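Right, one structure below, let's go through it.
A quick note: this is a predicted structure, and the numbers were derived from the prediction, not measured. Order of the sequence lines fixes the chain letters, A, B, ..., with proteins taken first and strands second; residue numbering starts at 1 for each chain.
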Number of protein chains: 2
Amino acid sequence: MVTKSPRPAGAPAGAAPTAGQALAVEWLTEDQQRAWRAYLDGTARFVSALDRAHDAGIPVTLGEYHLLVQLSEQPDRTLRMSALADGLALSRSRLTHTVDRMERRGLVERRPVPGDRRGVNCVMTDEGWKLLQQAAPAHVAAVRRLLVDVLDPEEFAVLGRAMAKVAREAKAAVDG
Amino acid sequence: MVTKSPRPAGAPAGAAPTAGQALAVEWLTEDQQRAWRAYLDGTARFVSALDRAHDAGIPVTLGEYHLLVQLSEQPDRTLRMSALADGLALSRSRLTHTVDRMERRGLVERRPVPGDRRGVNCVMTDEGWKLLQQAAPAHVAAVRRLLVDVLDPEEFAVLGRAMAKVAREAKAAVDG
DNA sequence: GGGTGATGGTTGATTTTTCAACTAAACGCC
DNA sequence: GGCGTTTAGTTGAAAAATCAACCATCACCC
């Protein structure tokens with residue numbers, strides 16, 4: 001197995017790292033490789049299956065759905081753009097565009113933030129709320145069918161804990 | 001906790017499902033909810049952190065990198081478009097466009113498939129190979145730093161197994 | 001109270017992705 | 001051997017995401 005054609009991230013035959021680095025790269029073991037690939041592949045396929053479910057009958061995009069969910073959890077179904085962007089791990093620009101579209105559809109509204117004249121609040125409209133309600137059952141069913149019910153409970157729990165750690169780390173890497 | 005404002009996928013107060021369904025939707029428990037959120041959030045942040053790493057110093061996009069990796073594992077660094085699309089969970093159209101771009105950059109080449117005049121093979125060029133080599137160390141380092149080394153080994157192993165199951169299920173859902 | 005830098009958000013151009021329509025070759029089958 | 005169907009891949013237009021500037025307000029602090 002060692003002499004396969006140089007694998008994904010397997011030790012490349014020639015080329016040394018560009019510069020500076022002391023070549024202290026540790027490649028992944030076979031097992032790690034497998035797990036990493038499984039994660040990658042599984043996530044890609046899961047997301048696209050879920051997307052497909054949203055196309056077929058759920059009246060909002062997966063992304064829009066998540067945005068509505070975030071808002072739905074706020075006391076007044078209201079969240080500042082920046083908080084929303086952070087919560088959803090979206091760029092500010094992307095959020096601006098997304099909210100533009102959703103606003104046009106009447107799902108959310110922009111309102112000024114009381115204390116800060118720079119700020120903009122994003123508020124879910126009744127329309128948006130209704131749509132969320134409508135979308136929720138099929139969405140949850142899909143998540144169950146494609147993820148939750150596929151795993152046994154402990155597995156799923158571990159997955160959750162693991163990804164929570166990953167989230168923390170990634171967050172640190174980005175803004176740290 | 002039950003009487004929070006209707007949660008993400010928590011039991012909505014009003015609206016019944018659109019039609020037909022016998023309302024047999026099972027909502028997620030608190031724990032499941034947490035795990036699902038963690039997965040979603042963790043994945044989003046992980047991917048964007050990895051993307052960012054690719055921007056900063058790695059000379060190919062994450063997507064392009066994965067494509068090159070797939071090719072690198074084939075005997076002749078060659079794979080049919082359809083196989084590549086399946087392997088990467090990409091739409092055919094998206095693959096066509098992506099390969100267009102990469103071909104312009106000289107990273108891959110299109111060649112006819114010997115036995116089947118409909119088919120198109122995608123072959124990694126030496127250029128592409130060199131680039132992959134160059135990119136690999138930093139890529140692997142990032143994956144380690146952001147994922148592999150963040151988890152303890154058993155956790156990571158479980159993650160791998162779990163997502164492999166998920167991948168199978170999603171695949172079944174899509175083409176089954 | 002007037003700079004200076006950070007924060008919040010938007011804009012518009014560029015690049016990617018998606019979507020639906022389309023061509024061409026292969027397959028099956030009678 | 002001819003006809004419908006499926007498979008492979010491309011195309012181009014429309015939608016969405018990214019990127020780099022940009023404007024305004026705020027916060028600090030001297």
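- Looking at A/Asp55 and A/Arg52, no side-chain N of the basic residue comes within less than 4.0 Å of a carboxylate O on the acidic one, giving no salt bridge.
- Other residues, nucleotides and ligands place no more than 12 heavy atoms under 6.0 Å from the CG atom of A/Asp126.
- One atom, CZ of B/Arg117, and another, P of C/dC27, lie 11 Å apart when rounded to the nearest Å.
- Under the 4.5 Å side-chain heavy-atom criterion for ILVMFWY residues, a single connected hydrophobic cluster contains both A/Met163 and A/Val47.
- Rounded to whole Å, the distance from CG on B/Asn121 to C1' on D/dT10 is 16 Å.
- The residue among A/Met81 and B/Arg101 whose nearest nucleotide of DNA chain C lies closer to the 5′ end is A/Met81.
- A/Arg52 has its CZ atom 13 Å from the C1' atom of C/dT18, to the nearest Å.
- Below 30°, between 30° and 60°, or above 60°: for A/His54 and A/His139 the angle between ring planes is above 60°, a perpendicular geometry.
- Between B/Asp55 atom CG and D/dA17 atom C1' there is a gap of 13 Å when expressed in whole angstrom units.
- For A/Arg118 and C/dA6, the CZ to P distance is 13 Å, given to the nearest whole Å.
- Using a 4.0 Å cut-off between a side-chain N of Lys or Arg and a carboxylate O of Asp or Glu, B/Glu64 and B/Arg105 qualify as a salt bridge.
- Listed in residue order, the members of residues 85-98 of chain B having a heavy atom less than 4.0 Å from DNA chain D are B/Arg92, B/Ser93, B/Thr96, B/His97.
- Rounded to whole Å, the distance from CG on B/Asp116 to P on D/dT6 is 18 Å.
- Counting heavy atoms from C-beta outward, A/Val143 and A/Val148 have side chains that approach closer than 4.5 Å.
- For the pair A/Thr61 and A/Gly115, both in contact range of DNA chain D, the more 5′-proximal nearest nucleotide belongs to A/Thr61.
- In summary, of the residues considered (B/Leu71, B/Leu68, B/Leu107), a side chain to side chain contact (heavy atoms under 4.5 Å, CB included) with B/Leu132 occurs for B/Leu68 alone.
- Taking atom NE2 on B/His54 and atom P on C/dT16, their separation rounds to 15 Å, with Å as the unit.
- For B/Arg80 and D/dA8, the shortest distance from a side-chain N or O to OP1 or OP2 is not below 4.0 Å.
- When the side-chain nitrogen and oxygen atoms of A/Arg110 are compared with OP1 and OP2 of C/dG9, none of them lie within a distance under 4.0 Å.
- Atom CZ in A/Arg111 sits roughly 18 Å away from atom C1' in C/dG9 (whole-Å rounding).
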